[in-house]
Amino acid sequence: MSNSGTYYLGRVLKLGTLNQEKLMKAINEPVSISYRGSSWTFIDVQEVNTMGQHYIFGRLSKYKPLGEVTIVDTKKRTEETQIEPNLKVASSPFVYIPSHSGIAFLNVYNHIEQKAFVNRFCSIIEETYQRFFVDCDIELVSDLRSFSAKVSSLEGIYHVNAKISPPNPMFGCLWAELKDYLINRNTDRMTVVEDSPENQPLNTDLAYHIEKAANQTTEEQYTSEVPLPIGDAAILMAADGYGHGTVRGKRDNEFVTIKTSETVKNFSFDKNPEPEALYARAVEIFNEIKDKRHLGH
């Protein structure tokens, strides 16, 4: 059995009164929540802030408050069920990196998969503050090359939908004007929806912009002489981990829907990692994303 698993990359969005300080305090001092007969909390939490390294490592733990285990009674030669309090079901290691608002977490098949991790992690943060004007979300970072390949295969785009939030601390140059708009309007969330007339595609160069963004290098940056149309900018912003979006178009005369969440940036790593080793691998990838996509502060 392999000791490696798949880790996904995302960005933690801090909305309402939730800020960096409150988020990190909630990770360090979490409450437990209940969902469908199981309880969830963070365990093995440790924060490191030294020599230029700042991260929080922990595990999202799923457990049964009153679990059942089967034991063998050697005298009776029978199996018996015994109640075991706080019986662990599964746990997902994660590392949160404040400088990127970035998180890397393990996908635990059948127990703590991508959607479950995001929902339970955010619920614990919010419940730690009794949901009092705090809102937490995790948006996954897209693999731009995979996303570009899918969008480029469309013969026309007929629908664009993106839900985005202001970035913190980084932003992309291709959607800088949209970022400024959100901040100036003091907007936590914004939804952009574009639908074309029947049987006519949208007038968009979205596939071209995504392809150019995906092929950037640390030395060569793709820039646009004019600001990108708001729908195109919103999709690129979502792909960088500050929202989520969908693109609907035609391929072989059939409608196809492509989601930014379908092409998530990920890596393979030890299922039971050393905290510093997981941080080192995750921050290396986040730094690579920052440099190649030319994300600035």
Side-chain angles (χ1 to χ4, degrees), residues 7-33 39-61 91-106 112 117-141 163-172 176 179-190 237-238 240-244 273 275-276 278-287 289-290 295-297:
Y7 285 77
Y8 291 112
L9 297 179
R11 300 196 194 273
V12 182
L13 304 184
K14 301 169 286 290
L15 308 172
T17 64
L18 185 65
N19 55 27
Q20 193 82 279
E21 182 182 354
K22 284 187 172 181
L23 171 66
M24 297 177 75
K25 183 178 180 181
I27 297 175
N28 277 296
E29 303 172 15
V31 298
S32 291
I33 64 169
S39 292
W40 302 72
T41 194
F42 304 139
I43 62 172
D44 298 334
V45 176
Q46 52 182 285
E47 181 174 355
V48 174
N49 190 3
T50 180
M51 299 180 66
Q53 295 184 340
H54 191 194
Y55 64 90
I56 297 182
F57 173 86
R59 300 177 193 273
L60 173 62
S61 180
S91 66
S92 170
F94 68 86
V95 61
Y96 175 68
I97 305 170
S99 60
H100 292 272
S101 288
I103 191 167
F105 62 91
L106 176 66
I112 312 178
F117 182 96
V118 170
N119 290 340
R120 301 293 92 74
F121 181 98
C122 294
S123 291
I124 292 170
I125 300 298
E126 292 167 356
E127 288 293 346
T128 299
Y129 294 105
Q130 297 83 46
R131 297 189 179 271
F132 190 72
F133 295 112
V134 296
D135 190 3
C136 176
D137 203 354
I138 294 176
E139 295 292 359
L140 302 172
V141 179
K163 187 174 183 179
I164 51 177
S165 294
N168 184 10
M170 296 180 182
F171 68 92
K179 177 266 298 184
D180 291 340
Y181 174 84
L182 293 173
I183 293 174
N184 291 335
R185 295 278 288 184
N186 195 29
T187 300
D188 257 357
R189 293 185 188 275
M190 176 179 174
M237 187 174 179
D240 280 335
Y242 298 104
H244 56 271
E276 186 174 0
L278 179 60
Y279 161 75
R281 182 70 182 108
V283 78
E284 178 185 22
I285 298 174
F286 275 117
N287 282 335
I289 292 170
K290 169 181 168 292
L295 301 178
H297 284 272

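Throughout, numbering of the chain's residues begins at 1 and tracks the sequence.
- Atoms CD1 and CD1, on I33 and I124 in that order, are 4.5 Å from each other to the nearest 0.5 Å.
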Can you list the steps and then say if Y181 with M190 is a side-chain contact (heavy atoms from CB on, under 4.5 Å)?
CA-CA 10 Å; Y181 174 84; M190 176 179 174; 3.9 Å; yes
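- Heavy atoms only, all atoms of each residue included: I289 and L9 are closest at CD1-CD1, 4.1 Å.
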Step-by-step side-chain contact (heavy atoms from CB on, under 4.5 Å) determination, T128 to E29:
CA-CA 8 Å; T128 299; E29 303 172 15; 5.8 Å; no
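- Put simply, CG on D137 and CG on L13 are 5.5 Å apart, with the number rounded to the nearest 0.5 Å.
- Judged purely by atom type and a 3.5 angstrom limit, T17 uses its side chain to pair as donor or acceptor with the backbone of F133.
- Here the CD1 atom belonging to I27 is positioned 11.0 Å from the CG atom belonging to L60, to the nearest 0.5 angstrom.
- Atom CG of L106 is separated from atom OG of S91 by 8.5 Å, given to the nearest 0.5 angstrom.
- Annotation for G10 and F286: closest pair O-CZ, 3.5 Å, computed over non-hydrogen atoms.
- Distance alone, capped at 3.5 Å, is enough to place a donor-acceptor pair between the E126 side chain and the C136 backbone.
- Nearest heavy atom pair, residue G102 against residue Y96, reads O-CD1, 3.2 Å.
- Evaluated for a side-chain hydrogen bond (donor to acceptor under 3.5 Å, both in side chains) with S101, the options K14, Q20, R11, E139 yield exactly one hit, K14.
- Using modelled atom types, one side-chain atom of D188 and one backbone atom of G16 make a donor-acceptor pair closer than 3.5 Å.
- Between the CE atom of M237 and the NZ atom of K179 there is a distance of 9.0 Å, given to the nearest 0.5 Å.
- The backbone N or O of L18 sits nowhere less than 3.5 Å from a side-chain atom of Y129 that would complete a donor-acceptor pair.
- In this structure, A238 and I164 approach most closely via the heavy-atom pair N-CG2, 4.2 Å.
- For an aromatic pair to be called close, the ring centres must be under 6.0 Å apart, and F121 with F94 satisfies this.
- Across all their heavy atoms, C122 and I138 have their closest contact at SG-N, 3.7 Å.
- Atom CZ of residue R120 and atom OG of residue S92 lie 13.0 Å apart, to the nearest 0.5 angstrom.
- The shortest side-chain heavy-atom distance between F57 and E276 does not fall under the 4.5 Å cut-off.
- Across Y7 and A104, no two heavy atoms sit closer than the pair CD2-C, 4.4 Å.
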For I103 and F117, run side-chain contact (heavy atoms from CB on, under 4.5 Å): C-alpha distance rounded to whole Å, both residues' side-chain angles, the deciding distance at 0.1 Å, then the answer.
CA-CA 11 Å; I103 191 167; F117 182 96; 4.0 Å; yes
With a cut-off of 3.5 Å and sequence neighbours excluded, list every side-chain donor-acceptor pair involving residues 40-52.
| from | atom 1 | to | atom 2 | distance (Å) |
| --- | --- | --- | --- | --- |
| T41 | OG1 | V31 | O | 3.0 |
| D44 | OD2 | R59 | NE | 3.2 |
| E47 | OE1 | N28 | ND2 | 3.0 |
| E47 | OE2 | H54 | NE2 | 2.9 |

Could you walk me through whether I125 and K22 pass side-chain contact (heavy atoms from CB on, under 4.5 Å), step by step?
CA-CA 9 Å; I125 300 298; K22 284 187 172 181; over 6 Å; no
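- With S165 contributing its side chain and R189 its backbone, the two residues share no donor-acceptor pair below 3.5 Å.
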